[in-house]
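All ligand and atom numbering here is 1-based and tracks the order in the structure.
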Amino acid sequence: MRVLVVEDAPALATQLHAALVAADFAVDTAHDGEEALFLGQTEPYDAVVLDLGLPKLDGLSVLRRWRAEGHTMPVLILTARGGWTEKVDGLNAGADDYLGKPFATAELIARLKALIRRAHGHAGPRIVCGRLHIDTVAKEATIDGAAVRLTALEYNLLAYLAHHLGQPVSKTELTEHLYAQDFDRDSNTLEVIVARLRRKLGEGLIETIRGQGYRLGAPATQ
Ligand code: CA
């Protein structure tokens, strides 16, 4: 899952970037409102962490522009401690959640995961696909109850397909959501990871849909 962190305070931006990378997110960072606006308009983020007090363009204006233009990614705003008016303004501008500063990064990560799950219609932390169960909190996959050992990239790819259960996901989309902007992307790597996942999970779970990409689970009914 790929997230955008918008924070102008360098120390906090660095800390958030490190914490989210450690939690296996692909992370881009913006340090002012204009950069944030542009990245949110042009890159497909799974969620955004948005500070409100920003140089060049304030966070609320950025959020209003995104929503007016139809960008629907989940947005969690960072507000001043006790600033209830900021929270109300933020939610009314289209934010999905908020955290008051200072906050524990574990809480931020838990809230982001919940926002991403809900954005894909999964209320609970467990995604089930036949014999395969994925626990998005523990980041574990089991087949018939037996744990499957996965690398971080293998898990991230599987979790992305699981969040889009029954839908074909193209290699381009996978690449865009598994790697940060500055990462040297190579779509051959995806094929290698999928091959390894198939060996570990058994053939047939991850299907190749000709011309469309990969799909986990039976086709979604409309
Ligand atoms: Ca700020």
Side-chain angles (χ1 to χ4, degrees), residues 1-120 125 136-137 139 152 156 159-160 163 175-185:
M1 297 294 169
R2 184 169 168 209
V3 297
L4 172 65
V5 170
V6 187
E7 172 58 64
D8 59 314
L12 183 54
T14 305
Q15 182 201 329
L16 285 175
H17 185 274
L20 292 173
V21 167
D24 290 329
F25 287 97
V27 187
D28 293 342
T29 311
H31 301 278
D32 65 60
E34 283 178 5
E35 189 185 10
L37 179 66
F38 175 74
L39 284 173
Q41 287 168 331
T42 53
E43 298 291 330
Y45 294 107
D46 295 296
V48 177
V49 179
L50 179 66
D51 184 32
L52 293 185
L54 296 169
K56 295 187 184 175
L57 189 62
D58 69 274
L60 276 182
S61 302
V62 173
L63 180 54
R64 287 198 185 101
R65 285 276 295 276
W66 283 339
R67 294 315 192 213
E69 291 167 7
H71 302 287
T72 59
M73 66 287 198
V75 174
L76 182 151
I77 52 171
L78 301 178
T79 65
R81 190 165 171 223
W84 68 268
T85 51
E86 277 194 331
K87 293 170 190 162
V88 172
D89 289 346
L91 292 168
N92 285 340
D96 301 275
D97 199 359
Y98 61 81
L99 261 183
K101 292 178 178 178
F103 52 85
T105 48
E107 182 176 0
L108 174 68
I109 289 163
R111 286 179 180 273
L112 280 179
K113 285 185 177 176
L115 285 177
I116 293 169
R117 279 198 310 265
R118 285 206 170 266
H120 296 290
T136 59
V137 172
K139 293 199 284 189
N156 288 345
Y160 193 86
H163 276 81
T175 305
E176 284 177 342
H177 288 266
L178 295 179
Y179 300 111
Q181 202 180 27
D182 53 4
F183 198 87
D184 182 19
R185 297 164 181 187

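- For Thr136 against Lys113, the heavy-atom pair with the smallest separation is O-NZ, 3.4 Å.
- Taking backbone and side-chain atoms together, Gly53 has an N/O/S atom less than 3.0 Å away from the Ca ion (ligand 1).
- For Met73 against Asp96, the heavy-atom pair with the smallest separation is O-OD2, 4.0 Å.
- Using a 4.0 Å cut-off between a side-chain N of Lys or Arg and a carboxylate O of Asp or Glu, Glu7 and Lys101 qualify as a salt bridge.
- Ring geometry for His177 against Tyr160 counts as tilted: the plane angle lies between 30° and 60°, on a 0 to 90° scale.
- With 3.0 Å as the limit, Asp8 counts as an N, O or S neighbour of the Ca ion (ligand 1).
- The Ca ion (ligand 1) sits nearest to atom OD2 when only the N, O or S atoms of Asp51 are considered.
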